[in-house]
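Letters A, B, ... mirror the listed sequences (proteins, then strands); counts begin at 1.
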Protein chains: 2
Amino acid sequence: MARKDGTGDVEVGADAQGDEHGGGTDDAIYAKIHAAIAAQDLPPGTRLREDEMRQIFGVSRARIRKVFARLAYAGLVTIEPNKGASVFQPTPKEAREIFAARRGIEGTIVRLLAGRIGKAELATLNRHIALEVAAEARRDWHEMVRLSGEFHLLLAEIAGNDILLRFLRELITREALVILVYEKPGQPSCSHHEHQMILEAILAGDAVRATALMEEHLGNVEERLDLDRDTRKSVDLGRLFAGR
Amino acid sequence: MARKDGTGDVEVGADAQGDEHGGGTDDAIYAKIHAAIAAQDLPPGTRLREDEMRQIFGVSRARIRKVFARLAYAGLVTIEPNKGASVFQPTPKEAREIFAARRGIEGTIVRLLAGRIGKAELATLNRHIALEVAAEARRDWHEMVRLSGEFHLLLAEIAGNDILLRFLRELITREALVILVYEKPGQPSCSHHEHQMILEAILAGDAVRATALMEEHLGNVEERLDLDRDTRKSVDLGRLFAGR
DNA sequence: ATTGATTGTTTTGTCGACAATCTTATATAC
DNA sequence: GTATATAAGATTGTCGACAAAACAATCAAT
């Protein structure tokens, strides 16, 4: 199943593998749609019509359909039978579940990692944190967000469990959508200082402290959101007209 | 599901699918292949040819292809470009990752649950454990395995996080394949007694104890396997000729 | 006898067209 | 004026056929 998960967005260790022939390979199409969603050009809830996409990318509809299936698998779009695909629009409940799941997975990862970081891996992580510091000094917010997410993926890669890594990838992309819906995007969510502290706890082999730090670190992001307001247009008419 | 006809061929769909086009909604096809894999009628590594399946189920190849994609997404089959689908055959590394991931997820679930089980849910769980006890008394091993897996799913459902539930579902089905490859199937893997102890720790709100019990419980399964022998034919020729 | 190339067969990948379904607009009755 | 029924349009679901790739077997050459 390990088709190289073509999320062109969060490629951590590797360079892009795209063969640029016309931009028609379905990995390329996937990457473009993914990027468009991440860039908020395609707001959550937007309907993605097959024929429209077919014209845009100049490929057959079957191709588009396959890409949609992959996007649905990644949790980025929702496919309803006979109604097509639309950009995933998380409910508050789903949002909370995504955060909770991510806390669980990343907690597992730091526990897997505690006291077991090699020399080369440590160097990589330190280098990454240095990049984060530099980006903050530059006030390059966009880069900060990118690096911030990449740090977590990096930890997962070093932990060496490809399944957890895949789960985390999915959760991170979906969390990005959640943030898009329930908060203004762009503001840096993770501080490099917290990353530093987590790394130190891991190096010290203090699994419980590393777990606690990671959970708090991730909890900070969730607390900044307003999950109590459902931004979707579905209205509870019964409640609305109850008092009249 | 235990029904197996003696044809050495990959006879999956037993019921008549003839002209009645309704015989093959793709959910049904998915379920049948899934069951066939779980029942070891389709051993790991078996190639699943599209046209063969098309004939068996009497549907178009596109349908089969879609089902294969879903099976690949669930981790049950592997799809290689231009080489088609085959039943997932875990390497020892993948097997270990599956176990580790499952320990992580289920640990998260019991922590989510600790001290937060409602009355109705407790009744359901107790009833389930009673079923396990009854099955053991009956020496109904097949039922024991089924109930045993169901207990874990039940916990995940009660925890109320659909994402973690989905992850766990995938891991459990894949773990079943691992057990199939690296151990004789059928022997009960979980004892109801351990389930009982885990539940008590959860009820007591003792998260760390519940986590430890769950991890040990799951570790017992892994220890029974022989993961050091790679059953696949790939041989490390470099190592083989290193000492000559 | 083994290696290498070539050809024929099998299997997967892709596409365009048709059928089924949903959505929207219009007309009609009350 | 509102609501239902009907029809037209648009969109997705499905299928069969063709093209490309991988596989297997045969044959030639060293």
Close N/O contacts between protein and nucleotides 17-21 of chain D (under 3.5 Å):
none

Euclidean distance, atom [atom1] of residue [X] to atom [atom2] of [N] [Å, nearest integer]:
X	N	atom1	atom2	value
A/Lys66	C/dT12	NZ	C1'	10 Å
A/Arg65	D/dC15	CZ	P	12 Å
A/Glu50	C/dC22	CD	C1'	13 Å
A/Phe57	C/dT14	CZ	C1'	18 Å
B/Ile64	D/dT14	CD1	P	12 Å
A/Arg54	D/dT11	CZ	C1'	12 Å
B/Asp51	C/dG13	CG	P	13 Å
A/Glu80	D/dT11	CD	P	16 Å

Can you name the closest pair of heavy atoms from B/Glu97 and A/Asn161 and give their distance? O-ND2, 3.1 Å

Assess whether a salt bridge exists between B/Asp51 and B/Arg61, defined as any Lys/Arg side-chain N lying under 4.0 Å from an Asp/Glu carboxylate O. no

Regarding A/Arg47, tell me which of base, sugar-phosphate or nothing describes its non-hydrogen contacts under 4.0 Å with the strands shown. sugar-phosphate

With a non-hydrogen cut-off below 4.0 angstrom, is A/Leu48 in contact with a base, only sugar-phosphate, or nothing? sugar-phosphate

Quick one, A/Thr91 with A/Glu94, criterion side chain to side chain donor-acceptor pair (under 3.5 Å). Give me CA distance, side-chain angles, the key distance, then yes/no. CA-CA 5 Å; A/Thr91 63; A/Glu94 286 167 320; 3.2 Å; yes

Between A/Arg49 and D/dT12, is there a contact of a side-chain N or O with OP1 or OP2 at under 4.0 Å? no

Check: A/Arg111 side chain, A/Gly107 main-chain N or O, donor-acceptor pair, under 3.5 Å: yes

A/Arg102 side chain vs A/Leu171 backbone, donor-acceptor pair below 3.5 Å: no

Which class fits the ring pair A/Tyr73 and B/Tyr73: parallel under 30°, tilted 30 to 60°, perpendicular over 60°? perpendicular

List the steps and the verdict of side chain to side chain contact (heavy atoms under 4.5 Å, CB included) for B/Arg127 and B/Leu131. CA-CA 6 Å; B/Arg127 217 177 317 134; B/Leu131 286 178; 5.7 Å; no

Note: for A/Lys83 and A/Ala62 on DNA chain C, the residue whose nearest nucleotide lies more 5' is A/Ala62

